[in-house]
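Before any comments, here is the structure.
Just so it is clear, the values below take in all heavy atoms, side chains as well, and ignore hydrogens, waters and symmetry mates. Remember, it's a predicted structure, so these values are computed and weren't measured experimentally. Reminder, nothing fancy here: chain letters follow the sequence lines and each chain counts from 1.
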Amino acid sequence: LFVGSALVNMYAECNLLADARHCFNRLSFQDIPLWNALVAGYVACGDSQEALKMYELMHTAGASSNEVTFVCILKACGSVGVSEKGQAAHTELTQRGFTYNLYLGNALLDMYAKCGSLSEAWEVFVSLEVRDVISWNTIIKGYGANHNGIVAVQVFEDMQKHRVQPDAITFTCLLTACSRSSLVIKGQELFKSMSEEFGIEPSIHHYNCIIDLHARSGRIHEAQKFLQTMPCSPS
RNA sequence: AUGAGCGCUUUGCCA
């Protein structure tokens with residue numbers, strides 16, 4: 001079964017879902033991680049609808065599910081962007097008595113953020129007993145993606161008060177937030193601070209964010225200048 | 001002997 005599961009997982013990772021499914025069907029019995037591998041495979045290759053169908057199929061096949069299943073399902077719901085499905089999953093996992101570990105809590109948070117349900121996302125965020133850098137990044141990104149850059153920056157300040165060290169991803173989330181809310185000065189400030197205050201060297205991701213920041217607010221020349229002077233080759 | 005790990009899982013630009 002372990003080998004079979006590894007195979008399903010390998011096929012799924014390589015976007016060979018048909019092979020994964022064939023392998024899955026040939027196994028004498030299917031346990032939860034095996035189902036999960038298949039569901040995760042569909043999510044990974046962007047076929048969230050099929051992932052959700054697989055979840056239905058788990059029910060009809062009489063299989064149970066665990067926390068990992070819900071992490072996958074929540075991710076699929078976030079990709080689809082319709083909060084009803086996600087809410088249903090949320091209700092179900094609460095009824096099942098699952099407590100939020102970081103994976104589950106962060107996945108739930110991200111699902112609501114991706115669906116634009118920021119008040120629900122925030123509720124989940126504050127209800128987490130333990131938060132890691134991913135939790136903070138996810139809520140910052142959530143506000144940023146929904147044109148609430150000012151709140152995103154406030155949450156970042158809050159993060160520092162909680163003595164959580166930001167990472168490279170924190171800054172892509174922040175810079176995107178500034179970009180989408182036209183916070184050009186703040187974005188440049190943050191970009192400067194990442195290496196000077198936080199010791200994080202900007203990568204191509206961050207340079208791209210800055211170019212987007214300028215371009216989106218109509219500063220084409222600034223964007224061009226930045227593009228030409230940045231120390232790595234454009235992607 | 002006890003506990004843990006060994007198969008599945010969460011955050012990154014533009015579009």
Is there aromatic stacking of A/Tyr103 against B/U9, centre distance under 5.5 Å, plane angle under 30°?
->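 Check passed, A/Tyr103 stacks on base of B/U9.
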Base, sugar-phosphate or nothing for [X]? Non-hydrogen atoms, less than 4.0 Å.
X: A/Ala168; value: base
X: A/Thr172; value: base
X: A/Leu74; value: nothing

Phosphate OP1/OP2 of [N]: any [X] side-chain N/O under 4.0 Å:
X: A/Lys141; N: B/U11; result: no
X: A/Arg180; N: B/C14; result: yes
X: A/Arg216; N: B/C14; result: yes

Side chain to side chain, [X] and [Y], heavy atoms closer than 4.5 Å:
X: A/Gln165; Y: A/Thr170; answer: no
X: A/Tyr143; Y: A/Val153; answer: no
X: A/Asp212; Y: A/Leu175; answer: no

**Prompt:** What is the ring orientation for A/His90 with A/Tyr100, classed by angle as parallel under 30°, tilted 30 to 60°, or perpendicular over 60°?
**Reply:**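 Because their plane-to-plane angle lies in the 30° to 60° range, the rings of A/His90 and A/Tyr100 count as tilted.
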Is the A/Tyr207 ring parallel, tilted or perpendicular to the A/Phe226 ring (thresholds 30°, 60°)?
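Tilted.
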[N] [atom2] sits how many Å from [X] [atom1], rounded?
X: A/Ile140; N: B/C13; atom1: CD1; atom2: P; result: 13 Å
X: A/Tyr112; N: B/U10; atom1: OH; atom2: P; result: 19 Å
X: A/Ile210; N: B/G12; atom1: CD1; atom2: P; result: 19 Å

Among [options], the nucleotide that comes nearest once only the side chain of [X] is considered:
X: A/Cys72; options: B/U9, B/G7, B/C13; answer: B/U9
X: A/Asn208; options: B/U9, B/C13, B/C8; answer: B/C13
X: A/His205; options: B/U11, B/G12, B/C8; answer: B/G12

Quick check: any donor-acceptor pair below 3.5 Å linking the side-chain of A/Asn36 to the base of B/G7?
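Result: no qualifying N/O pair found.
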Decide yes or no on side chain to side chain contact (heavy atoms under 4.5 Å, CB included) for A/Trp136 and A/Asp158, but give the supporting numbers first. CA-CA 9 Å; A/Trp136 288 95; A/Asp158 213 28; 4.1 Å; yes
Next on the checklist: Roughly how many Å apart are B/G5 and B/U9, using the P atom of each and rounding to a whole number?
Outcome noted: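 Between the two P atoms, the distance is 16 Å.
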Each base of RNA chain B marked ( ) or [ ] if paired in-strand (Watson-Crick or G-U under 3.5 Å), | if paired to another strand and . if unpaired gives ...............
Tell me, with the steps shown, if A/Asp167 and A/Asn137 meet side chain to side chain contact (heavy atoms under 4.5 Å, CB included).
-> CA-CA 9 Å; A/Asp167 63 10; A/Asn137 291 351; 3.2 Å; yes
